[in-house]
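Accompanying notes for the structure given below.
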Amino acid sequence: QVQLVESGGGLVQTGESLRLSCAASGNILRVNTMGWYRQAPGKQRELVARITSDGSTNYADSVKGRFTIAGDNAKNTVYLQMNSLKPEDTAVYYCNANLRLRVGVLVDRQYWGQGTQVSVSS
């Protein structure tokens, strides 16, 4: 059984910072990718940032220069450092992981965290 446990959301003012964490646990052979998506009310879920097992990253244009994603392969954990937060960053942030598992055979499966609320006041 694989679980993604998120932490670090909250309410901040414009210009402040937050750090999100997401730890994957279970019978994981390898983390292929881990990342963060967000969904604001009335909007579709969108990619914020993603990191691959070799450390390659990609970011949404709206967060480039402000957010930094980092991974700890030994802990199967991903972090999202969010600086210079803006009201438009307000959303529920979801951790996403594509993991290689051994369930009799080797399989790659995608998992989602439960979501953590980030609210930025003006």
Side-chain angles (χ1 to χ4, degrees):
Q1 183 79 6
V2 171
Q3 277 192 314
L4 300 183
V5 178
E6 302 157 338
S7 62
L11 172 64
V12 297
Q13 294 186 333
T14 297
E16 294 185 340
S17 300
L18 280 174
R19 186 186 192 223
L20 304 183
S21 299
C22 174
S25 62
N27 190 20
I28 301 167
L29 287 181
R30 186 183 72 193
V31 173
N32 295 323
T33 64
M34 288 187 80
W36 292 91
Y37 288 70
R38 67 186 181 187
Q39 188 166 19
K43 295 188 176 182
Q44 288 189 328
R45 190 173 297 188
E46 63 175 0
L47 173 69
V48 177
R50 181 170 52 209
I51 187 167
T52 65
S53 58
D54 64 359
S56 299
T57 59
N58 62 295
Y59 296 89
D61 288 342
S62 60
V63 307
K64 284 181 181 177
R66 300 188 297 123
F67 291 11
T68 302
I69 191 168
D72 185 335
N73 289 336
K75 296 181 179 180
N76 293 333
T77 299
V78 65
Y79 307 95
L80 184 68
Q81 179 66 41
M82 304 185 293
N83 298 329
S84 302
L85 282 161
K86 305 175 180 180
E88 50 264 44
D89 295 317
T90 296
V92 177
Y93 284 68
Y94 295 91
C95 179
N96 174 271
N98 185 289
L99 307 172
R100 175 150 294 179
L101 313 175
R102 186 189 299 277
V103 287
V105 296
L106 296 180
V107 296
D108 291 336
R109 291 183 179 168
Q110 181 170 246
Y111 295 88
W112 290 93
Q114 78 281 4
T116 184
Q117 178 70 46
V118 171
S119 299
V120 185
S121 63
S122 58

Closest approach of [X] and [Y], non-hydrogen atoms and distance?
X: Ala49; Y: Leu80; answer: CB-CD1, 4.1 Å
X: Ser84; Y: Ser17; answer: N-OG, 4.3 Å
X: Ala91; Y: Ala40; answer: CB-N, 3.8 Å

At what distance, to the nearest 0.5 angstrom, does [atom1] of [X] lie from [atom2] of [Y]?
X: Ser62; Y: Asp89; atom1: OG; atom2: CG; answer: 7.0 Å
X: Asn58; Y: Arg50; atom1: CG; atom2: CZ; answer: 4.5 Å
X: Ser121; Y: Gln13; atom1: OG; atom2: CD; answer: 4.5 Å
X: Asn27; Y: Arg102; atom1: CG; atom2: CZ; answer: 8.0 Å
X: Thr77; Y: Met34; atom1: OG1; atom2: CE; answer: 6.5 Å
X: Met82; Y: Thr68; atom1: CE; atom2: OG1; answer: 11.0 Å

Within a reach of under 6.0 Å around CD of Gln110, are more than 12 heavy atoms found that belong to other residues, nucleotides or ligands?
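Above 12, so yes.
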Can you label the angle between the Tyr93 ring and the Phe67 ring as parallel, tilted or perpendicular, going by 30° and 60°?
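Ring orientation of Tyr93 relative to Phe67: tilted.
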Under the rule for salt bridge (Lys or Arg N to Asp or Glu O under 4.0 Å), what residues qualify as partners of Lys43, not counting sequence neighbours?
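Per chain and number, Lys43 pairs via salt bridge (Lys or Arg N to Asp or Glu O under 4.0 Å) with no residue.
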Test item: [X] and [Y] side chains (from C-beta on) under 4.5 Å apart, heavy atoms:
X: Val63; Y: Arg38; answer: yes
X: Gln3; Y: Tyr111; answer: no
X: Gln117; Y: Thr90; answer: yes
X: Cys95; Y: Trp36; answer: yes

Hydrophobic clustering (ILVMFWY, side-chain heavy atoms < 4.5 Å, transitive) - are [Y] and [X] grouped together?
X: Val78; Y: Leu18; result: yes
X: Leu4; Y: Tyr94; result: no
X: Leu47; Y: Ile51; result: no
X: Val103; Y: Ile28; result: yes
X: Leu20; Y: Tyr79; result: no

Any donor-acceptor pair under 3.5 Å from Thr14 side chain to Lys86 backbone:
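Answer holds: no.
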Pairs in or reaching into residues 103-122: which pass salt bridge (Lys or Arg N to Asp or Glu O under 4.0 Å), with residues at least two apart or in two chains?
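Passing the test, one end in residues 103-122: Arg100-Asp108.
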Mind checking what makes side chain to side chain contact (heavy atoms under 4.5 Å, CB included) contact with Ala70, not counting sequence neighbours?
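None.
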Any carboxylate oxygen within less than 4.0 angstrom of a Lys/Arg side-chain nitrogen, looking at Lys64 and Asp61?
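Yes, this pair counts.
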Intermediate values then yes/no, side chain to side chain donor-acceptor pair (under 3.5 Å), Asn32 and Ser53:
CA-CA 5 Å; Asn32 295 323; Ser53 58; 5.5 Å; no
